[in-house]
Structures are given as structure tokens and as C-alpha cells.
Amino acid sequence: MDKLGKIEALFERACQGPTPIFHVGENVIAEIAARESIRLTPLSFVAGLSAAAAAIALFYAINGWMTLSGSVADYFDPAVLDALL
């Protein structure tokens, strides 16, 4: 037999055999979960500290703004206007 005949005979024998079943679902799900996991690096800790500092600064900025805008809004209160007039 020539090489092409041997390859065709192997192909026919392989087609007659049962199809192998591979359980790859668990492996795929495990790889997806590994890729989606959060890896903490030293810069992640710095980013967390920066976010906490920004939240504190935002809190104080909002309190300051409310204090300033609250006193301006009091000028338009009818009770305050009656007292001033």
C-alpha cells in the first residue's frame, strides 16, 4: 500500500470507533473564574487608600458647601426677611 492508502485505512478505522467525550466544561469554568478573580498588587492598596482619602475629602467638602449655601438660603426665608424689614 502506498502512503495515501494507509492514511485512508486509518481514517476509516477511526470513523468506525466511538467518539471520545471530553469533560471540558469544568475546566473552562475554572479558567474563567481564575481570569475574573481580583489580584491584589501593591498599587491596589495605594489605590484603595487614595479612594478612602478622596471620600473623606468629599465628605468635608459637601459639609462645607452645605454650611455656606445654607446661610445664603436663609436670606430668602420669609421669616428672616420679615425680621430684617
Side-chain angles (χ1 to χ4, degrees):
M1 285 182 103
D2 60 339
K3 291 182 182 181
L4 185 59
K6 289 180 184 179
I7 292 173
E8 288 178 357
L10 287 174
F11 181 73
E12 288 176 11
R13 211 170 4 153
C15 287
Q16 293 172 356
T19 304
I21 298 174
F22 298 102
H23 298 286
V24 296
E26 294 87 14
N27 295 337
V28 171
I29 291 173
E31 186 168 338
I32 290 172
R35 288 184 182 185
E36 289 181 350
S37 66
I38 298 172
R39 294 183 182 97
L40 294 177
T41 61
L43 291 179
S44 297
F45 293 116
V46 173
L49 290 173
S50 298
I56 292 169
L58 181 66
F59 174 75
Y60 283 116
I62 289 174
N63 279 340
W65 178 258
M66 294 303 283
T67 302
L68 290 175
S69 65
S71 62
V72 173
D74 286 341
Y75 290 120
F76 300 108
D77 187 15
V80 174
L81 288 177
D82 288 340
L84 290 177
L85 295 175

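In this text, all values refer to a predicted model and were calculated from it rather than measured experimentally.
Summarising the geometry, atom CG belonging to Asp2 is positioned 8.0 Å from atom CD belonging to Glu8; distances are rounded to the nearest 0.5 Å. Atom CZ of Arg35 is separated from atom CD of Glu31 by 4.5 Å, given to the nearest 0.5 angstrom.
Residues Leu49 and Val46 do not share a hydrophobic cluster, clusters being chains of Ile/Leu/Val/Met/Phe/Trp/Tyr side chains in contact below 4.5 Å.
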